[in-house]
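Report on the following structure.
Both backbone and side-chain heavy atoms feed into the values below; hydrogens, waters and symmetry mates do not. Please read all numbers here as calculations on a predicted model, not as lab measurements. FYI, the numbering just counts along the sequence from 1.
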Amino acid sequence: MAETLPTNGGGIWDTVLELTKLAQEKNTDPMVWAIQLGSILNSAGLTLPSVELSHLLVSHICWNNNFPITWKFLDKALALKFVPPMLVLALLSTRVISSRRVHPAAYRLYMELLKRYGSSFASQLHESNHEKILKAIDDALHLSDIYGIQASGPAVLSVLFVFSNVWQLVDASLDDEGLLEYSPEKSSRWLTGIQDMDIDNHGRFLENRIEFQEGVLKTNTLMAVEMIVESLQSKVTSQILFLVRQNMPSHWSDFYQHLQLLASKSLALRSSKLTTPEIFAQMASDTSKHLHWQSKTSLQHQFHAVMAPGCFLPSSIQCHGASSSSLWLPIDLFLEDAMEGIVVTPTCAIDTLTSMVKSLQALYSATWHDTFLGLWIAILRLVQREKNPCDGPVARLDSCMCMLLSITPLVLLNLIDEDQLGEYEGLLTPPPSVASIANQAAIKATMYLSGLNISSGYLDSVSVSDVPVNCAGNLRHLIVEACIARNLLDISAYTWPGYVNARVNQIPRVSGQVTGWSSLMKGSPLTSALVNALVSCPASSLAEIEKIYEIAIGGSDDEKIFAATILCGASLIRGWNVQEHTVLFLLRLLSPPIPPEYSGSESHLISYGPFLNVLLIGIATVDIVQIFSLHGLVPHLAGELMPICEVFGSCSPKISWTLSTGEEINSHAVFSNAFTLLLKLWCFDHTPIEQALGDVPSVASQLSPEYLLLVRNSQLASFGSAAKDQSRYQRISKLITLPSTEPIFMDSFPKLKCWYRQHQACIASPLSGLTPGTPVHQIVEALLTMLFKKMNRGTASGSSSSSGSSMEEAVLWLQLPAWDILEALPFVLDAALTACAYDKLSPRDLATGLKDLADFLPASLASILSYFTAEVTRGVWKPVSMNGTDWPSPAANLSMVEQQIHKVLATTGIDVPSLATVGNSIPTLPLPLAALLSLTITYKIDKANERYLNLVGRGVVVLAACCPWPCMPIVAALWAQKAKRWSDFLIHSASRAVFNLNNDAVVQLLRSCFSSVLGFNASPRCRNGGVGALLGHGFGSGYSNGMSPVAPGIFYLRVSPFIRNITFVAEEILSLLMMSVKGIATGGLSNDTIGKLRKCKFGMRYRQVSLTSAMSRVKLAASVGASFVWISGGINLLQTLLKEMLPSWFISTQRTVGIGESGGVVATLSGYALAYFAVLCGLFAWGVDAASSASKLRSKVLASHLEFMATALEGKISLGCDLATWRAYVSGFLGLLVRCIPAWLQEIDVHILKSLSKGLRLWNEEELAVALVGVSGINAMGAAAELIIESA
């Protein structure tokens, strides 16, 4: 290496060199030499330690003056701090290590100096000339170039210096034993430029004697290996190496490979008395062990032990009670909430569930095997809760099966390459409606093992509905098929023990020719019989669904309609293996291309009217909308529906088509189907009430068509920027072309935008602005004439009678585009409602006219619902008597409904004394609600009306739930008369209205949830706690003596979308969490019990078990609380909790006086519960990934919370809570971040982290203080090194 000699003060350095040579010749005592040297340096006024002197002395020794005495001079200069040790060692390493075979004694002396001075960093951190020293060290070792890090501070340079020293010793030892060639690169960056030179024998080390040299080389290798061992054992060095491991992963990986090679093959290591190769390998892999902190007090030490993420993780084979299944309780709650369908979410369940699984795996430090098993079991529990559901107009079983067999495998694709299922037979029983599909999956495996060709069409002739027991399939077979379809498993899964129990000759077959998917793939045309078969049987492969898609885009008009019908059939609902492809195909079909021969001036979409109508009807059911939602495609579905609404809503109904079946449809029908489907996607029925009532808008009220388009545009613009997007794109069918990334906005749809603005205006204020003689006024008159023939309209809506108008003229007038009619409808409804209020229109005629309007233009249901809901919230209409004469009467079963509601509430632990009953009085409803209700009960409950009833019926429920009691029981009673099979569903729905009107009921329900899951509830069902106690069996009807009780967790999930004051809910959850902790601590660790345990021989061991058990339940309570906050208020509430609620709680909460040691236990457990609760809230809000849409606000919110924490640690904020609670919270919260989610800390300003570390050190939490900055990224590495060095 080129020599760097002193360039300034040449005379001084000549003098120093002459002094050294003279002392060397005279063999002067090193102390005498040092005194003389010090005198020269002082007289010259040089700053010590001196960089120039370091270069001079090392250059003098290497290699012309490699004498024992010169090494002694160097040692004395180091001891007296004439030279900086790090620089001297750096200069020596570049010369000595590469020449260690030629100068083995020099190598040994270098290692002795490294032992003595290699860890003396503290004195070098604040030298006056440290910048000069840093540059010299960096120049000597080229650290910045090698590691790509600017060594801007002494602490960072110390890290790189120590790492380089250990790496140099490792590579030198490997090279000395001939092992370096086994490394991947077969060389070392440190061992270059070996200088072979002739050495004379005058006064130098006897290095030319072969036997002596070989002996010294072996001794040196052993010494180097033992120094490496000591480095790994040293607290300071090990911590510094951990900083490298944490913040420089690529360099650590190369270094670690060499360490492993040394551990596996080094003879010197085997001969060492310090360690064994096995222990050495363990030390090398556990360099972070010194960053695991221990608390200073006995009680806190035990709490720290049980706070460790993996310490309470039970065996994965236990899946009942409050043990391992409870670990994944947030997944259960998310799945159950996702099935509710009250809010059609625009986010993708795959992404949300992936984030949740990764977050919980990190928090628990669970193995991926246990994590995946927990996920599968949670989803199987979801399906089991739907085995006997209440009958009602809600999405349930098909959505659950979608979650089990489509969403979950896609989640696994984001996480793993392969997974296997465990044996949980009790959870694998398929619901009756999917048993035949499960049987088919089992039969498919049997055929494969029997050597039959699965694709030969044999399956088409197999009877799957009535099979022997040993041939029957279960959910396990469906799960395996779903995983095989996505290459998570291969077909060898069929050979798993017990997977197939039958022989092929035991499988029953159907006589006669059976058509199916195999016929289609062989080229059979789409006859009616084949279409019916394909509609009822789901496709099992991507090739089959691609075949149908190709017909849908390239077949004849009739074939296109057949293909659209097939795609919307069983393949969409239960084709789980290809469902993600099917929903994408349907989206693309909703935006058909312009035909090559098309030359018209109007939109090409009109020519596709019949085809689009089939698609719109096919995907309008509740379950299918929910399936689109689970796949995260709601924003894209909205983007495809808006152009259809714009075009067909602008067409005259004279544009019509006659289908091959003889049915005739017009543009109004296509528009109505598209428009009503679009309205379901943004909680259209929620908005008016939530704007009028409550302090804080719910998540649902923030959804709007503009928001859906913004989400769509954002997703398309960012698609492909992440690795997961590329992986997803590779998995989708090659026939699917991605839509244009060009953004679309409401301005692109002027008619839709105009209607939406009018809709919002009707909500905000009463109607105004109808001018006589305008086109809108004429349409109003025509509609009133056609719909309300018996109405005396002399004073209605300020309009005059249309003299001479006839019904025929009115009908002719109404051959108008749908948008024009919708614009006039609010004025029509206002006139009709006013006429009814003043007895100028009978209630029966009002209901008949509304039904005629809905039949004429089904899309008018949107205006009816919007206007009547807004009018109810204004409260200006008098109530009407539901007496059975003017309005329908609920008297026949209202008393029964009220009794059942009280029973449902009582079995869930809710007592609402103020809940009034109608009794003998005549029930009343607000006029607009009565009119809306009367309209809904005129509909037949059949498939044709389902898509319209789902819109307006849900709106009635939402509206009635927000009206004064007992409006909701009246609605439920009337509907129960019409649809008796829906009675249980209606009563449960009516029970939810109690919580909209009574905050105390909400608190009672939350308290029941915590008591049930923790086993505090005395009822047999809840005594053991856990998931079963919280979620039970769903909304079932399994009791012969009437209504089955509803588990409190299920009830809360159904109630939460309607709760207005979500801030109140979060505060109550926080309070209930603290009450639960007290119950856990005092129930499990009473003073008497502690006293008795203390007297036992093994008392502390038993007490540790008690603490572990208590801590597990505390974590369970925290996970329930965090899950409920997330479900209730979403990311905004979670962030508000961290920024505002928790700081306020610590400041305002008054200290509680504990009795004896149990008081300390309660306080400490409370702190850890809050820590766990807060971290879970953060995980639910942001996930663990570094980059995501939700994580963009993470650094800001987390920094705010940590800054509050640091300020309180500095004593600048006065806290009201118990100090033990505060200390447990801080150490627990920061400890979880350090252990489980260090990536979050890398986004935080180093100054905040240093301030926190300073506060922790005041608590004697040195290890946690170091760990906090140690895992916080490359920018904090210097701060971490400073703490390590200063605490050494």
Side-chain angles (χ1 to χ4, degrees), residues 335 338-339 348-350 353-354 372 375-376 378-384 386-387 395-414 419 421 427-445 454 459 464 473-489 491 493 516-517 534-546 548-549 566-586 618-619 621-633 728 731-733:
L335 295 173
M339 292 300 102
C348 180
I350 301 168
L353 193 53
T354 299
F372 296 143
L375 173 63
W376 281 120
I379 295 181
L380 286 171
R381 282 195 294 256
L382 173 73
V383 175
Q384 293 304 313
E386 290 303 312
K387 288 181 68 175
R396 294 306 302 180
L397 182 59
D398 287 331
S399 301
C400 289
M401 297 303 295
C402 166
M403 184 69 82
L404 172 69
L405 300 175
S406 184
I407 300 300
T408 302
L410 293 173
V411 169
L412 296 182
L413 277 176
N414 289 342
D419 184 35
L421 287 173
L427 294 173
L428 296 175
T429 304
S433 60
V434 299
S436 61
I437 305 177
N439 292 344
Q440 189 178 55
I443 291 170
K444 179 181 177 182
I454 297 174
L459 274 174
V464 294
N474 57 30
L475 293 179
R476 186 188 190 199
H477 295 96
L478 293 178
I479 292 170
V480 168
E481 287 298 316
C483 291
I484 290 175
R486 296 170 176 89
N487 296 319
L488 288 167
L489 293 173
I491 209 163
W517 287 98
L534 300 184
V535 167
S536 60
C537 180
S540 59
S541 69
L542 178 58
E544 292 171 348
I545 214 72
E546 285 180 334
I548 290 296
Y549 178 71
I566 294 168
L567 284 173
C568 295
S571 295
L572 173 58
I573 300 173
R574 296 186 176 178
W576 304 295
N577 298 346
V578 293
Q579 195 173 68
E580 64 269 30
H581 303 289
T582 306
V583 290
L584 288 176
F585 282 137
L586 286 169
I619 63 177
T621 65
V622 176
D623 265 305
I624 293 177
V625 171
Q626 188 72 356
I627 287 169
F628 273 90
S629 175
L630 293 175
H631 283 279
L633 295 175
R728 286 179 181 177
R731 294 198 298 263
I732 66 176
S733 170

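Not one N or O on the side chain of Gln440 forms a donor-acceptor pair closer than 3.5 Å with the backbone of Gly473. Although no hydrogens or angles enter the test, the distance criterion places no donor-acceptor pair under 3.5 Å between the side chain of Trp576 and the main chain of Glu481.
Not counting sequence neighbours, the partners of Ala570 by the side-chain contact (heavy atoms from CB on, under 4.5 Å) test are Pro538. Under the rule for a side-chain contact (heavy atoms from CB on, under 4.5 Å), the partners of Thr621 that lie at least two apart in sequence or sit in another chain are Ile624, Lys943, Glu946. Taking the side-chain contact (heavy atoms from CB on, under 4.5 Å) definition, one finds that Val535 meets it with Val531, Thr565, Ile566, sequence neighbours left out. Taking the side chain to side chain donor-acceptor pair (under 3.5 Å) definition, one finds that Glu580 meets it with Arg486, sequence neighbours left out. Taking the side-chain contact (heavy atoms from CB on, under 4.5 Å) definition, one finds that Cys568 meets it with Leu586, Leu615, Ile619, sequence neighbours left out. With sequence neighbours excluded, no residue forms a side chain to side chain donor-acceptor pair (under 3.5 Å) with Thr582. The side chain to side chain donor-acceptor pair (under 3.5 Å) check on His477 picks up Asn474, with sequence neighbours excluded.
Inter-residue side-chain proximity for Ser571 and Leu534 is flagged as unmet; no heavy-atom pair is nearer than 4.5 Å. Asn577 is not listed as a side-chain neighbour of Ile484, based on a closest heavy-atom distance of 4.5 Å or more. Side-chain contact between Asp623 and Ile573 is absent, with no heavy atoms from C-beta onward closer than 4.5 Å. With contacts defined as side-chain heavy-atom distances shorter than 4.5 Å, the pair Leu478/Leu404 does not qualify. With a 4.5 Å cut-off on side-chain heavy atoms, Ile479 and Cys483 count as touching. Counting heavy atoms from C-beta outward, Phe585 and Ile548 have side chains that stay 4.5 Å or more apart.
A donor-acceptor pair shorter than 3.5 Å can be found between the side chains of His631 and Gln579.
Distance check, rounded to the nearest 0.5 Å: CG of Leu572 to CZ of Phe628 gives 6.0 Å. One distance of note links CG of Leu335 with OG1 of Thr408; it measures 7.0 Å at 0.5 Å rounding. Taking OG1 of Thr354 as the reference point, atom CD1 of Ile350 lies at 7.5 Å (rounded to 0.5 Å). Interatomic distance, Leu489 CG to Leu412 CG, rounded to the nearest 0.5 Å: 9.0 Å. Atom OG of Ser629 sits about 8.5 Å away from atom CE of Met339, to the nearest 0.5 Å. To the nearest 0.5 Å, atoms CE (Met401) and CG (Leu405) are separated by 4.5 Å.
Nearest heavy atom pair, residue Met403 against residue Ile379, reads O-CD1, 4.1 Å. Ala338 approaches Leu630 most closely through the heavy-atom pair CB-CD2, 4.3 Å. Summarising the geometry of Ala539 relative to Ile545, their closest heavy-atom pair is CB-CD1, 3.9 Å, with the distance given to 0.1 Å. Taking all atoms of both residues into account, the shortest heavy-atom contact from Leu397 to Pro431 is CD1-CG, 3.7 Å.
In summary, of the residues considered (Pro430, Ser436, Pro432), a side-chain contact (heavy atoms from CB on, under 4.5 Å) with Val434 occurs for Pro430 alone.
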